[in-house]
Student: 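Quick one: this structure, given as C-alpha cells, is what I'll be asking you about.
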Amino acid sequence: MTSEEQGIALSDFVPQPTLVTEEHAIGKAKFPAVDAHNHLGWWEAEKADELVALMDEAGLRTIVSLDGGRRENLEDHLDAYPRKHPGRFVVFTRVAWNEAEDPQFPARAAEQLRRDVEAGARGLKVSKTLGLRARNPEGDLYRADDDRLAPVWQACAEVGIPVLIHIADPVAFFQPLDGRNERWEELHRHQGWHFFKPEFPSFDDLMQQQENLVAAHPKTTFISAHVGSYAENLAWISGMFDRYPNYYVDISARIAELGRQPYTTREWFLKYADRILFGTDSRPNAGTYRIHWRFLETADEYFNYSLADPPGQGRWRIYGVHLPDGVLRKVYHDNAARLIDLG
Ligand SMILES: [Zn+2]
C-alpha cells in the first residue's frame, strides 16, 4: 500500500479551504459593545489596566464578569474591576448551590443576594449546576422549575437585577457518543460534558424546566446564556421570545451554531433585535473579538469561528450575517444597557 492509500487519523486532518472570497478584518466593533457574558476569573486581577487597553482597541465599552460568585471573592472582584474602572466592568454574583440540600437554602440565598447587590453586584449568574448537579433536600437533582427556589428569583425581581442562567448544554452532549455525534471530538476531549447517562435529565426535560421557570416568574428578567442552550433550534428560542417578554438570550460561545445557519440567524436577529445580547464567554482576546465582529458585521463566507484549527465545537465553518446598524447597536449595547446597571 502506498501512504496515499493508508489514510490519516481524523485528528491529523486539518483541511485548508482554497476558496477565494472577500475577507474583512474588523479590529474594532462598529459601535461600543458590551460583552455581557465573560469570566474575569480567567484574567489576572492586577492586570486590569491592560484589559482596559485591550477593550479600547477592540471597541468594548464594558465587560460583564460572571465570576463575582464565590462570596469571599465578590469584594476582591469588585475592587479589581468596577471600583477601579467604573463603567468598564460589571460583576454578577452567584449563590451556593452546593448548599441547596439544606431546606433553608432558598431563603438564605435570597438574603445573600440582597447583600451582594448592596455591595455592588449587578446580576445573578446561575450555572448549569442547576439542573445537572445541585441536590434538593430529598437528595435528588433540583429541578430549575422547583417552586421552592422561588424566593431566589423573586429577590432578583425585587432588587431589579437580571438572572443570567445557563441551563443544559449543546444538544449533542445529550446524545449517544458514537460516530454519528457531531460533537464527538469535543466530547472525547471533555468527557465530563457528556450527559447521555441515566443520572442526568434529557435535553428536552431541561428545556421544559427552562420554560416553566421563565413562565412562573414574569417579573424576573432572565438572560439565557448561549442562545438559551438551543442555538440549534432558533424556532424554539423564537417561541420563547414570543411567549415570555421577560426572556432574553446572549450569543456567547454559540457563533459556531449561529454562523452555520446564516439565513435563519440573520432573520432571527432582525426580528428579535431587542432580545439578543452580545457576549463571548471567552478570555478577552483581540483575535476572538475580531472573529465576532466579522461574524456580526460582514457577509464574509466560510471562515473559522475560532482561533483554533480545527475549531473546538465541530468541523464546520461559518458565514457572516451582516447585521444592519440599528440591530448592531441593540445587540452590542442597548439591550444590555436596558437590562443591566452598567454604571
Ligand atoms: Zn460562561
Side-chain angles (χ1 to χ4, degrees), residues 33-45 51 55 58 60 62-70 73-74 77 80-82 89-98 116 121-134 144 156 161-174 183 186-187 189-190 192-193 195 203 206-207 210 213 221-232 237 247-258 276-285 288-289 291-292 295 305-308 311-313 331-332 335-336 339-340 342:
V34 177
D35 184 343
H37 186 140
N38 211 304
H39 297 274
L40 294 182
W42 287 329
W43 195 264
E44 300 75 17
L51 181 51
M55 290 163 67
L60 279 173
T62 304
I63 287 181
V64 177
S65 175
L66 306 177
D67 288 347
R70 287 161 296 145
N73 165 35
L74 175 64
H77 219 61
Y81 297 105
F89 299 103
V90 166
V91 169
F92 279 26
T93 188
R94 299 187 188 214
V95 293
W97 292 104
N98 58 332
D116 288 356
R122 291 290 172 259
L124 170 66
K125 167 70 194 301
V126 177
S127 78
K128 66 185 175 191
T129 291
L130 178 59
L132 291 172
R133 316 244 181 239
C156 292
I161 58 164
V163 179
L164 196 147
I165 184 165
H166 174 185
I167 188 158
D169 249 344
V171 178
F173 289 12
F174 294 83
R183 310 284 284 250
E186 184 181 24
L187 287 169
R189 274 195 308 277
H190 303 280
W193 295 356
F195 302 115
F203 181 82
L206 289 165
M207 290 303 106
Q210 171 170 211
L213 169 64
T221 297
F222 292 94
I223 303 169
S224 196
H226 317 313
V227 193
S229 275
Y230 212 176
E232 296 90 334
I237 299 295
Y247 185 74
Y248 298 79
V249 301
D250 76 47
I251 63 165
S252 67
R254 290 298 180 275
I255 63 171
E257 290 298 337
L258 296 173
I276 305 165
L277 282 70
F278 169 72
T280 61
D281 197 24
S282 185
R283 180 184 152 93
N285 174 296
T288 302
Y289 283 119
I291 294 171
H292 284 79
F295 166 62
Y305 57 81
S306 159
L307 296 171
Q313 296 185 344
V331 171
Y332 276 163
N335 297 336
L339 303 184
I340 306 165
L342 296 179

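A quick note: this is a predicted structure, and the numbers were derived from the prediction, not measured. We count ligands from 1, going down the list as the structure has it; atoms in each ligand are counted the same way. Residue numbers count from 1 along this sequence.
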Student: Got an N, O or S from H226 under 2.8 Å of the Zn ion (ligand 1)?
Tutor: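 No, since none of the N, O or S atoms of H226 sits under 2.8 Å from the Zn ion (ligand 1).
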Student: With rounding to 10 degrees, what does the angle H37:NE2 / the Zn ion (ligand 1) / D281:OD1 come to?
Tutor: 90°
Student: Is the centre of the Y247 ring less than 6.0 Å from the centre of the F222 ring?
Tutor: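 Not close enough - the centres of the two rings lie 6.0 Å or further apart.
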Student: How about H39: does one of its N, O or S atoms come closer than 2.8 Å to the Zn ion (ligand 1)?
Tutor: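 Checking the Zn ion (ligand 1) against H39, an N, O or S atom does fall under 2.8 Å.
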Student: Has the side chain of N38 got a donor or acceptor atom that lies under 3.5 Å from a matching backbone atom of S282?
Tutor: yes
Student: For I167, is there any backbone N or O sitting under 3.5 Å from a side-chain donor or acceptor partner on Q210?
Tutor: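 No; judged by distance alone, with no hydrogens or angles, the pair does not exist.
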Student: Do V64 and V34 touch side chain to side chain, with heavy atoms closer than 4.5 Å?
Tutor: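 V64 reaches V34 side chain to side chain.
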